[in-house]
Amino acid sequence: MKPLALTLFFAALLVGCVNSQSPTGRGQTLLFSDTQMQQMGGQSFEAMKQSEKISQNKAQTDYVNCIAKRITAVLPDQSQQWDVVVFDSDQVNAFALPGGHIGVYTGLLKVAVNQDQLATVMGHEVAHVLAQHGNEQVSRAQLTGLGMQAADAAIGASGIANKDLYMAGLGLGAKVGIILPFGRSQESEADIVGLELMAKAGFNPAQSIALWQNMAKAGGAQGPELLSTHPSHSHRIEDLQAAQNQVMPLYTQARKQSLTECKIAQVK
């Protein structure tokens, strides 16, 4: 592929990009429509349900659904129906995907020891969807992939497996052997947006600090922040502490309403 043709190819591609802003005002370049992202999210979630063991523990499922229902009830788009699945796994993790999908691993219930701490993680994951972080990552993967395909075409090589890149961009890279994690700015943004969501849903935002202290203990020693795409535990906790005064009024207002308390016996 000649340099001029390659330049025109990428120029035409970028015309279709949407230059947007995240909830905190950060610039974003998005290649995919909401419909496309919902399709990717739905297909990836179905793949997860086929490959992962789903919990049959009704108490755990009801507990997670209770928290999810309260968080999703404060989202701007109330037309979206959310599918929530609890996966029976020791992983201390959770995720949310475009199209209204939430997955929570039972291992997380051993670290997030109350409704407020679990709401911290679930609010954070839903915030990734709300802020279109998956679209950002998949767009980056697509742009990188097209660059690879263009280079491959020049030497007669084959293309790439887009499906794997899409799943990696949606935060499911560990399942397909490709790691494409959210960046530090996206993680920090999801922390703050998630904190607002949980406060509006009537979950105590002060418990977010305790949650990440628990995470730090469970995760063991963590390398320097500059060597990771995620904020260090200490930096994350400092940011959450600084945001408490901003979100506490939202929590106080929410607690004036009649809320369903989400309770379950602590998982041993």
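Please read these numbers as outputs of a predicted model, since none were measured by experiment.
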Query - Residues that Ala68 engages under side-chain contact (heavy atoms from CB on, under 4.5 Å), provided they are two or more places apart - result: Val84, Ile102, Met122
Requested in this report: Report yes if the side chains of Asp239 and His235 come closer than 4.5 Å at any heavy-atom pair, otherwise no.
Outcome: yes
Requested in this report: Heavy atoms only: give me the nearest Gln117-Ala112 pair and the separation to one decimal.
Outcome: OE1-CA, 3.6 Å
Query raised in the report: Shortest non-hydrogen contact from Arg255 to Leu259?
Result: NH1-CD1, 3.5 Å
Query raised in the report: Are Tyr105 and Val85 co-members of a hydrophobic cluster defined by side-chain heavy atoms under 4.5 Å apart?
Result: yes
Query raised in the report: Hey, is the main chain of Thr120 close enough, under 3.5 Å, to the side chain of Glu125 for a donor-acceptor pair?
Result: no
Query raised in the report: How far does CG of Leu240 sit from CD of Glu238, to the nearest 0.5 angstrom?
Result: 10.5 Å
**Report entry** Heavy-atom side-chain proximity of Tyr63 to Leu109 below 4.5 angstrom
**Finding:** yes
**Report entry** Trace of the side chain to side chain donor-acceptor pair (under 3.5 Å) decision for His133 with Glu187
**Finding:** CA-CA 9 Å; His133 292 161; Glu187 287 291 332; over 6 Å; no
Requested in this report: State, to 0.1 Å, how close Ile67 and Cys262 come at their nearest heavy-atom pair, and which atoms those are.
Outcome: N-SG, 3.5 Å
**Report entry** Considering all heavy atoms, the nearest Gln244-Pro205 contact
**Finding:** NE2-O, 3.3 Å
**Report entry** Side-chain touch Gln60/Thr106, heavy atoms, less than 4.5 angstrom
**Finding:** yes
Report summary line: salt bridge (Lys or Arg N to Asp or Glu O under 4.0 Å) pairs touching residues 62-82, sequence neighbours excluded, are Lys58-Asp62
**Report entry** Exam field: side chain Gln56 to backbone Ile54, donor-acceptor pair closer than 3.5 Å
**Finding:** yes
Report summary line: Interatomic distance, NE2@His128 vs CD@Gln137, rounded to 0.5 Å, equals 9.5 Å
Query raised in the report: Between Leu211 and Ile237, is there a shared hydrophobic cluster once you connect ILVMFWY residues whose side-chain heavy atoms come closer than 4.5 Å?
Result: yes
Report summary line: One should read off an interatomic distance between Met40 CE and Leu97 CG, to the nearest 0.5 angstrom, of 12.0 Å
**Report entry** Any Val104 side-chain heavy atom under 4.5 Å of Ser55 side chain
**Finding:** no
Report summary line: All heavy atoms of Gly123 vs all of Ile71, minimum pair found to be N-CD1, 3.7 Å
**Report entry** Residue pair Met215 / Val121, side-chain heavy-atom distance below 4.5 Å
**Finding:** yes
Report task. Taking all heavy atoms of Val64 and all of Leu118, pick out the closest pair and write down the distance. Result -> CG2-CD2, 4.2 Å
Query raised in the report: Relative to the ring of Phe95, is the ring of Phe87 parallel (under 30°), tilted (30 to 60°) or perpendicular (over 60°)?
Result: parallel
Query raised in the report: Side-chain contact, heavy-atom cut-off 4.5 Å: His124 with Asp191?
Result: yes
Query raised in the report: Taking atom CD of Gln39 and atom OG of Ser44, what is their separation to the nearest 0.5 Å?
Result: 11.5 Å
Requested in this report: Evaluate side-chain contact (heavy atoms from CB on, under 4.5 Å) for Met37 paired with Gln132, printing each intermediate quantity in order.
Outcome: CA-CA 9 Å; Met37 291 306 302; Gln132 301 193 79; 5.9 Å; no
Query raised in the report: In this structure, are over 12 heavy atoms from other groups packed under 6.0 Å from Gln81 atom CD?
Result: no
Report task. Give the intermediate values and the outcome of side-chain contact (heavy atoms from CB on, under 4.5 Å) for residues Lys263 and Cys66. Result -> CA-CA 9 Å; Lys263 296 181 180 179; Cys66 177; over 6 Å; no
Query raised in the report: Does a side-chain heavy-atom distance below 4.5 Å link Met48 with His101?
Result: no
Report task. Could you tell me whether a side-chain N or O of Gln80 sits under 3.5 Å from a main-chain N or O of Gly99, the two making a donor and an acceptor? Result -> yes
With a 3.5 Å cut-off and sequence neighbours excluded, list the donor-acceptor pairs that the side chains of residues 193-204 form with protein atoms.
residue : atom : partner : partner atom : Å
Glu196  : OE2  : Gln246  : NE2          : 2.9
Asn204  : OD1  : Ala206  : N            : 3.0

Query - Any side-chain heavy-atom pair of Asp90 and Lys110 under 4.5 Å - result: yes
Requested in this report: Step by step, work out the side-chain contact (heavy atoms from CB on, under 4.5 Å) result for Lys217 and Val111.
Outcome: CA-CA 9 Å; Lys217 294 176 183 177; Val111 179; over 6 Å; no
Query raised in the report: How long is the span from the OG atom in Ser208 to the CD atom in Gln213, to the nearest 0.5 Å?
Result: 9.5 Å
